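Here is how names work: the chains are called A, B, and so on, in the same order as the sequence lines, proteins then strands, and each is numbered from 1. These figures come from a predicted structure and were not determined experimentally.
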Amino acid sequence: MERESELTATAAHSYAVSNMNQPFSDAQRRDFQRALLAWYRRDKRTLPWRDIDNPYAVLVSEVMLQQTQVATVIPYFERFLARFPTVESLASSPTDDVIHHWQGLGYYSRARNLQNAARAVVERFDGIIPRDVEQLLSLPGVGRYTAGAVSSVAYGEPAPILDGNVMRVLTRLFCIEGNPKSGKAHRALWEIAESLVPRESPGDFNVGLMELGALLCTPTKPSCGDCPVSTHCLARERYEVTQFPQLPPRPETVSVEDIAVIVWKDGRFLLTKRPVDKRWGGLWELPRVRRLEGESLEDAATRAPMQRCGVEVRVKEPFGAMRHAVTRYRIRLHGFVAEWVSGEASAVECEAVAWVESEGLEPYALSSPQRKLLKLAIEEADQARLFQ
DNA sequence: AAGCCGGGGAT
DNA sequence: ATCCCAGGCTT
C-alpha cells in the first residue's frame with residue numbers, strides 16, 4: 001500500500017515536468033482528492049462561517065479573511081452578521097455604520113467595497129449573490145480568489161481558488177519555482193488549481209487545501225508526518241519542503257514619525273475624519289501630520305490642527321508615544337496636548353471635523369493605534385483634573 | 001508588473 | 001524583531 005503510493009507519486013512527478021498544467025494522471029488526481037477530502041472532513045476546525053448555507057455570509061467571511069487570520073476575523077464576523085444579517089440590510093445601512101463594525105480589522109477599503117458590492121447585488125442581481133465567477137468578479141472588492149471561493153463554497157461550482165495557503169501547498173507538491181505571486185509561476189499555479197478541483201464537493205476540496213496549508217503545510221515547521229497527501233508531494237520526496245514557496249525579498253522598511261494632537265476646548269476635543277481614498281479612509285483620528293525633516297515635534301504638533309482643520313492651538317505637553325506598522329512603514333506616533341486658541345474647525349484637509357466629549361467617543365470609528373493613543377490622552381486629562 | 005493598504009498572531 | 005496571513009485595487 002505504502003509502496004504503491006510512492007510509485008504513484010513518482011509517476012506524477014515525471015509527468016509534471018512535461019505538463020505542469022495537469023500534473024497528475026486521472027487516477028492520481030482522484031486519489032489526491034479523496035485523501036484530502038477525507039482528512040478535511042475528519043480534522044477541520046469548527047468556524048462560524050462553515051456549513052451555513054448562506055452565500056451572503058460566505059461572501060462576508062471571504063472578504064474579512066483577505067490577508068487576515070482566522071482568529072482575528074471570528075468576532076468581527078459574528079458582530080457584522082448580527083448587525084447586517086442580509087445583503088439588503090448591508091446595502092441600505094449608513095456607510096459610517098459599516099466602517100464602525102470594521103474598526104480594528106484593517107484594510108478599510110474592504111468595508112466600503114463590501115457595501116458597494118451588496119448594493120450592486122441588490123440592484124443588478126435581484127438581491128441574490130451571483131453563482132458564476134464572471135458575475136462575482138464584477139463586484140467591487142471581489143477578485144479571482146474571492147469569486148472562486150464564493151462560487152465553490154456557497155454554490156458547489158467547480159471553480160478553483162489560489163490564496164497564500166494554496167500557493168504554499170501547490171508549490172511544495174510540485175516544486176514550482178519562481179515567485180508564486182506573479183509571472184509564470186503564478187499562472188501555472190492557477191492552472192494546477194483548476195486541474196485539481198473536483199466536480200463533486202469543490203467547496204470542501206478548496207477549503208481543505210487552505211486548511212491543509214493553515215494546519216499542517218505551514219510556512220516554517222510543516223507536519224509532513226501527519227499530511228494526508230504527503231505521498232504525492234515532490235518537495236517532500238526531495239527533502240526540499242521548506243524551500244517552497246520561493247517568495248521574493250520584502251521591500252525594506254521605512255521609519256517615519258507622526259504627531260497627533262488632542263486639542264481641548266470647553267471640555268471637548270477635536271477629531272477629524274479621513275478622506276475615503278486615503279489610508280484609514282472613513283475613520284476618525286486626532287489631527288495628525290507626518291514630521292518633516294528638521295521639524296521639531298512641537299512645531300509639527302502646532303501644524304497638525306492648522307493644516308487639517310484650520311485651528312490655531314497652543315501646544316502644552318507630550319502625553320505618550322507608540323509604535324505601529326503599516327505595510328513597510330514603521331511609524332512612531334507621538335501624542336501632544338494642546339489648547340484651542342482661535343479658528344472655527346472646518347474640514348480643510350480631511351472629510352469632516354467634530355468636537356467630541358470623552359464619554360461620547362463610542363460612535364466614532366478609529367484605527368487601533370489612534371484608539372490606543374486617545375485612551376492615553378483621556379486618562380492624562382482625567383489625571384490633570386484630579387490635581388486641580 | 002509593481003506598489004499600496006493594517007493589524008495581530010506566531011516564531 | 002520579523003514573518004505571515006482565506007487579496008484586490010491603482011498606477
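Nucleic acid contact class of Arg110(A) (heavy atoms, under 4.0 Å, all strands): none. As judged by a 4.0 angstrom heavy-atom cut-off over every strand, Pro140(A) is placed among residues touching the sugar-phosphate backbone only. Here Val166(A) lies out of heavy-atom contact (under 4.0 Å) with every strand. Note on Thr218(A): nothing from the nucleic acid sits closer than 4.0 angstrom, heavy atoms only. At the heavy-atom level, Ser61(A) lies nowhere under 4.0 Å from the strands shown. Note on Gly104(A): only backbone sugar-phosphate atoms sit closer than 4.0 angstrom, heavy atoms only; bases stay farther off.
Taking atom CD of Gln67(A) as the reference point, atom C1' of dC5(B) lies 10 Å away to the nearest angstrom. If you measure from atom CD of Gln370(A) to atom P of dG6(B), you get 13 Å, rounded to the nearest angstrom. Ile331(A) has its CD1 atom 13 Å from the C1' atom of dC4(B), to the nearest Å. Note: NE2 (His186(A)) to P (dG7(C)) measures 12 Å, nearest angstrom. As rounded to whole Å, 11 Å separates atom P of dG8(B) from atom CD of Gln103(A). Nucleotide dG7(B) holds its C1' atom 15 Å from the CG atom of Leu366(A), rounded to whole Å. Across the protein-nucleic acid pair, Leu212(A) atom CG and dC5(C) atom C1' stand 16 Å apart, rounded to whole Å. Distance Lys278(A) NZ to dT10(C) P: 15 Å, rounded to the nearest Å.
Phosphate contact (OP1/OP2 of dC4(B), side-chain N/O of Arg328(A), threshold under 4.0 Å): present. Contact check, Trp102(A) against dG6(B): no side-chain N or O comes under 4.0 Å of OP1 or OP2. For dG6(B), the OP1/OP2 oxygens have no side-chain nitrogen or oxygen of Thr68(A) closer than 4.0 Å. Regarding contacts with the backbone of dC9(C), every side-chain N or O of Tyr107(A) stays at 4.0 angstrom or more from both OP1 and OP2.
From Leu270(A), atom CG reaches atom CD of Glu285(A) across 11.0 Å, with rounding to the nearest 0.5 Å.
Both tests do not hold together for Arg83(A) against Phe80(A): distance to the six-membered ring centre under 6.0 Å, angle to the ring axis within 45°. Taking the centre and axis of the six-membered ring of Tyr108(A), the NZ or CZ atom of Arg274(A) falls outside the cone set by 45° and 6.0 Å.
Residue whose closest nucleotide on DNA chain B sits further toward the 5' end, between Lys221(A) and Thr327(A): Thr327(A). Checking Gly141(A) against Asp163(A), the closest nucleotide of DNA chain C that is more toward the 5' end is the one next to Asp163(A).
Taking only side-chain atoms of Ser368(A), from C-beta outward, the nucleotide of dG7(B), dC5(B), dA6(C) with the closest atom is dG7(B). Nearest to the side chain of Arg50(A), among dA6(C), dG6(B), dG8(B), sits dA6(C). Here dA6(C) is the nucleotide among dA6(C), dC9(C), dG6(B) with the atom lying nearest to any side-chain atom of Arg45(A). Residue Arg187(A) places its side chain closer to dA1(B) than to any other of dC9(C), dA1(B), dG7(B). The nucleotide whose nearest atom lies closest to any side-chain atom of His324(A) is, among dA6(C), dT11(B), dG7(B), dG7(B).
Going from the P atom of dG3(B) to that of dA6(C) covers 24 Å, rounded to whole Å. For the C1' atoms, the distance linking dC3(C) with dG6(B) amounts to 15 Å, nearest Å.
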Step-by-step salt bridge (charged side-chain N to carboxylate O under 4.0 Å, His left out) determination, Glu379(A) to Lys375(A): CA-CA 6 Å; Glu379(A) 284 171 6; Lys375(A) 187 167 177 289; 3.1 Å; yes
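Note: His324(A) and Trp280(A) have tilted aromatic rings, judged against thresholds of 30 and 60 degrees for the angle between ring planes. Using the six-membered ring where Trp is involved, Trp49(A) and Phe77(A) have ring planes that are perpendicular, over 60° apart on the 30 and 60° scheme.
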Please produce a list of atom pairs where a protein N or O lies less than 3.5 Å from an N or O of nucleotides 2-4 of chain C.
{"from": "dT2(C)", "atom 1": "OP2", "to": "Arg330(A)", "atom 2": "NH1", "distance (Å)": "2.9"}

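By the neighbour-count criterion of 12 heavy atoms within 6.0 Å, atom CZ of Arg199(A) is sparsely surrounded, having that number or fewer from other residues, nucleotides or ligands. Counting heavy atoms of neighbouring residues, nucleotides and ligands inside a 6.0 Å radius, atom CZ of Arg290(A) exceeds 12 of them.
Proximity of the aromatic rings of Phe174(A) and Phe244(A) is defined here by a centroid distance below 6.0 angstrom, and this criterion is not met.
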